[in-house]
Amino acid sequence: MQRYPLVNDLWENKIPDFGRITVPAYVVASYSNTLHTAGTFRAWRRIASPEKWLRVHNSQEWPDYYDEANVADLRRFFDHYLKGEDNGWERTPRARYAILDLQGGDRVGVAAEQFPPADVTSTKYYLDGRSRALTTTAPADEIAVTYEVDANPDAVSFVVRFDRDTVLAGHPKAHLWVEARGADDMDVFVLVQKLDAHGTPLQAFTVPNQGAIVHDVTEHGATILRYKGSDGRLRVSARHLDEALSTSDVPAHSFDRVERLSAGEVVDVEIELLPVGLAFHAGQQLRFVVSSRNLLGTMMPGIREYTGANSGQHVVHTGGEHASYLQLPVRRATAEPAPWVRLAGDDHDGRVERFEVVAARRALALLKGKLGRERLLDLLRDEIAAGSAFLREQVALSAGEETTGTTTLRAHGITAAQFTEWLSRAFAREDVLLAGHPEHYSIHAAGGRVNIVETLGEHVCSFFMREWDDSATPGAEPQSAGRRSRLVLEDGTVVGSIANAFAEEEGGFTARLSVTLPVSCGPQVTEHHLQHFAVEFRNWILGAASEQPGQASALKAG
């Protein structure tokens, strides 16, 4: 590297010729691995394979790779192409991606035929040096903002608050007009952060271990273990673009020449940021940071941090003829803010919704109690028959092919052993089981099995749980207690299975909840059942915790 700092034949020889890769490909990526993310998505974009699939997950790769459902998914790919099995793999969505929430509401397995998805619009947010805001119209006045390389702060930032729910999915880039004063070069680091409504940066660990040591090593650095946002970097003298590889969304640089700056020269640079899948709720904010230093630190602990060859003063020009902007892949945006009603002083209407949820549960419990199980099932007879017909049809259409979805809850204030012991006793308490979810119409033991009547997708379904198979452990952690049960209709048709695994953690436990359904049901039905899991197990966990000695005062599950 010291002898050959620029791209030449030596380095060209190390770069894969993506145009020659034509075999089927299964590409796994994440937004958060600062070592691998850029290269993985680059491979996905450039390989010439006509048959290629992308799956973007929301964690560090090792817990994801060895998840039981993901191993089975990869095995289907290999079985199809290496063994010639007709298992329906070709109907798998070409892209399945994650949307990070950073507050426990991540979505995974969002289906699309491409990435970025087709409904994404590349939207320019212009830097306004006067207000330090990001705006969708370029400021008329040219304002320069500066920072001293060795000063505190050694960065400038710009913020936008979203007045409606907004989803980013794709490739951000920065187009900046910059100038170096007192130097002929500059290293520029940029970062996109998610802030809550009060301006607090939101982050998320990508690994199950979130103990004190992981906090220490990721406070500054070890970026593959804690996600803090999408970052990018560029040495300005290496700004020359490779026109053959660059696109309007993803710049590519040739790195084959040095173009230093002269005094007073203002140049434009394009900086690629790591891909994002990020949800913003109304009122939350996005912060864009420009700095002379690595804002996130090293990729792994123990690595010596890079120090740029910066000096003097960095200038970022905004507005007028030098309208710098951040380009974001906006997937969901409405022309006008959605109407809202909330309590004065609240940032969203969550508390009002909680009032309604409590009242709805109370009303449903009263009605279910008055009707009784038999009268309620009699009222739902036609809906149940339609639901059973729907499931039988999906089993036939899928020809044995299934799909699995998993959601994860973290609980505090109760152990997994306490919860599982409570749950085993709860199956004798029909009122407790019914209270787990508003769409529980009946849960009761029948002939050695448990009959469940609940909503699945758009249908009311009645199915029976077989006895639990405790040898099936869907959790990745070795200390998990896992079990699986098949779901069958009254006529014996197997329509899927459910599985759960509970892993003890400091102060609580993690619950991994999986559902397997016929593949033709579609991702919407799977997603609905995962939402159903989240509601019912949250309520059951809180109910179990409230019955533990000394635990009724401080309970959390999310």
Examine distances only and state if a side-chain atom of [X] and a backbone atom of [Y] form a donor-acceptor pair shorter than 3.5 Å.
X    : Y    : answer
T200 : D196 : no
W53  : T92  : yes
T123 : T121 : yes
S324 : H317 : yes
D141 : I143 : no
H412 : G507 : yes
S49  : V23  : yes
T206 : I224 : yes
T166 : R164 : yes
N70  : D64  : yes

Parallel, tilted or perpendicular: rings of [Y] and [X] (30°, 60°):
X    : Y    : result
Y325 : Y126 : perpendicular
H532 : H528 : tilted
F77  : W89  : perpendicular

Looking at every heavy atom in both [X] and [Y], which two are closest together, and how far apart are they?
X    : Y    : result
P117 : A169 : CD-O, 3.9 Å
V207 : Q210 : O-NE2, 3.3 Å
L54  : A29  : CD1-CB, 4.2 Å
E265 : R260 : OE1-O, 4.0 Å
L273 : G232 : CG-N, 4.1 Å
I99  : L278 : CG2-C, 4.1 Å

With a 4.5 Å cut-off on side-chain heavy atoms, are [Y] and [X] touching?
X    : Y    : value
V56  : Y31  : yes
V156 : R132 : yes
V236 : L261 : yes
R235 : F255 : no
L326 : L286 : yes
L100 : K194 : no
R94  : F115 : no
V108 : H57  : no

Any chance the side chains of [X] and [Y] put a donor and an acceptor closer than 3.5 Å?
X    : Y    : value
H322 : D268 : no
H175 : Q327 : no
N294 : E305 : no
N58  : Y227 : no

Roughly how far, to the nearest 0.5 Å, is the [atom2] atom of [Y] from the [atom1] atom of [X]?
X    : Y    : atom1 : atom2 : answer
R161 : L134 : CZ    : CG    : 13.0 Å
T403 : R76  : OG1   : CZ    : 7.0 Å
L295 : S292 : CG    : OG    : 8.5 Å
R538 : R410 : CZ    : CZ    : 15.5 Å
S254 : E243 : OG    : CD    : 9.5 Å
T37  : R42  : OG1   : CZ    : 11.0 Å

[atom1] ([X]) with more than 12 external heavy atoms under 6.0 Å:
X    : atom1 : value
R130 : CZ    : no
D9   : CG    : no
E356 : CD    : no
L82  : CG    : yes

Applying side-chain hydrogen bond (donor to acceptor under 3.5 Å, both in side chains) to D154 and H314, what does each step give before you reach the verdict?
CA-CA 9 Å; D154 56 355; H314 288 183; over 6 Å; no

Test L127 against W177 for side chain to side chain contact (heavy atoms under 4.5 Å, CB included), laying out the working first.
CA-CA 10 Å; L127 283 56; W177 290 91; over 6 Å; no

Are Y26 and F78 near enough that their ring centres are under 6.0 Å apart?
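No, ring centres 6.0 Å or more apart.
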
Evaluate side chain to side chain contact (heavy atoms under 4.5 Å, CB included) for F537 paired with T407, printing each intermediate quantity in order.
CA-CA 11 Å; F537 272 84; T407 190; over 6 Å; no

The test is side-chain hydrogen bond (donor to acceptor under 3.5 Å, both in side chains); show your working for S237 and D185 and say whether it passes.
CA-CA 6 Å; S237 63; D185 206 350; 2.6 Å; yes

Does the distance from a Lys or Arg side-chain N to an Asp or Glu carboxylate O, for D249 and R45, drop under 4.0 Å?
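Looking at D249 and R45, the cut-off is not met.
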
Stepwise side chain to side chain contact (heavy atoms under 4.5 Å, CB included) test for L241 and H253
CA-CA 4 Å; L241 291 174; H253 299 88; 3.6 Å; yes

Evaluate side chain to side chain contact (heavy atoms under 4.5 Å, CB included) for Q284 paired with L202, printing each intermediate quantity in order.
CA-CA 10 Å; Q284 294 182 331; L202 299 177; 4.2 Å; yes

